[in-house]
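Taking it in order: structure first as structure tokens, then the write-up.
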Amino acid sequence: MASFHLEILTPERVFYRGECISLIVPITDGMLGIMAHREPITASITYGEAYYTKPDGEKILFSVSGGMIDVIDNTVTLLCSSALLPEEIDEETERREAEKARSEMVQQHAYRDYQLSKILLANAINNLKVKQKQSIN
């Protein structure tokens with residue numbers, strides 16, 4: 001199969017840089033699939049599980065948070081707030097984060113604080129889902 005160059009970048013690190021044959025990422029109205037020689041596109045990504053397939057057929061599942069994807073000239077750049085492999089996710093920490101976000105949402109806060117808590121809750125729940133799934137094979 002034809003491959004393309006993929007870069008998954010977060011503010012903290014280069015999560016992945018290399019060749020790949022497919023990429024699936026969550027966008028606001030569903031999932032976006034990318035394969036080699038796709039038409040150029042720029043899209044917003046949201047919280048969810050994503051995966052890419054290496055040329056040897058290995059599928060890598062990861063948790064992704066908000067950001068954007070840019071496809072041009074058989075190169076895909078995924079810029080996101082965070083990208084985590086299942087083994088990098090600490091279940092206990094994510095459960096605490098989810099509970100903290102839930103309790104903050106219930107309290108009387110400004111709209112901005114409520115939205116931030118909602119985002120933190122969505123991220124924690126997504127990370128727990130990916131941790132529990134561990135792989136897509």
Over all atoms of both residues, closest heavy-atom pair of Glu49 and Met31
O-CE, 3.5 Å
Do the charged groups of Arg95 and Glu91 touch, with an N to O distance under 4.0 Å?
yes
How far does CD of Glu87 sit from CZ of Phe62, to the nearest 0.5 angstrom?
12.5 Å
Side chains of Met68 and Thr42 in contact at under 4.5 Å (non-hydrogen atoms):
yes
Do Arg17 and Leu9 have side-chain heavy atoms sitting under 4.5 Å apart?
yes
Closest heavy-atom pair and its distance - Ile27, Ser44
CG2-O, 3.3 Å
Straight-line distance of Ile34 CD1 to Glu39 CD, nearest 0.5 Å
11.0 Å
Does any non-hydrogen side-chain atom of Ile69 lie less than 4.5 Å from one of Ile41?
no
Work out which heavy atom in Pro11 is nearest to a heavy atom in Cys80; give both atom names and the distance.
CD-O, 3.3 Å
Do any N or O atoms from the side chain of Asn74 and from the backbone of Ala36 form a donor-acceptor pair under 3.5 angstrom?
no
For the CG atom on Asp73, are there more than 12 heavy atoms of other groups (residues, nucleotides or ligands in this structure) within a distance under 6.0 Å?
no
Do you see a donor-acceptor pair shorter than 3.5 Å between the side chains of Thr53 and Ser22?
yes
Contact summary for Ser65 and Ile45, nearest pair of heavy atoms
O-CD1, 3.5 Å
Where does the angle between the aromatic ring planes of Phe15 and Tyr52 fall among parallel (under 30°), tilted (30 to 60°) and perpendicular (over 60°)?
perpendicular
Is the shortest side-chain heavy-atom distance between Val71 and Pro40 below 4.5 Å?
no
For the OG1 atom of Thr46 and the CG atom of Asp29, what is their distance to the nearest 0.5 Å?
10.5 Å
Does a side-chain heavy-atom distance below 4.5 Å link Leu79 with Asp70?
no
Between Ser82 and Val64, is there a side-chain heavy-atom distance shorter than 4.5 Å?
no
Taking the side chain as C-beta and beyond, is there a heavy-atom pair between Thr10 and Ser81 under 4.5 Å?
no
For the pair Arg13 (side chain) and Ala83 (backbone), establish whether a donor and an acceptor sit closer than 3.5 Å, ignoring hydrogens and angles.
yes
Write down the atom of Tyr51, the atom of Leu61, and the distance for their closest heavy-atom approach.
CB-CA, 3.9 Å
Can you tell me how far the CD1 atom of Ile60 sits from the CG atom of Leu6, to the nearest 0.5 Å?
11.0 Å
Shortest non-hydrogen pair, Ile89 vs Ser63, comes out as CD1-CB, 4.1 Å
Keeping Glu88 on the side-chain end and Leu85 on the backbone end, is there a donor-acceptor pair under 3.5 Å?
yes
Got Pro55 and Glu19 here, is their nearest side-chain heavy-atom distance under 4.5 Å?
yes
Report the distance from atom SG of Cys20 to atom CE of Met35, rounding to the nearest 0.5 Å.
9.5 Å
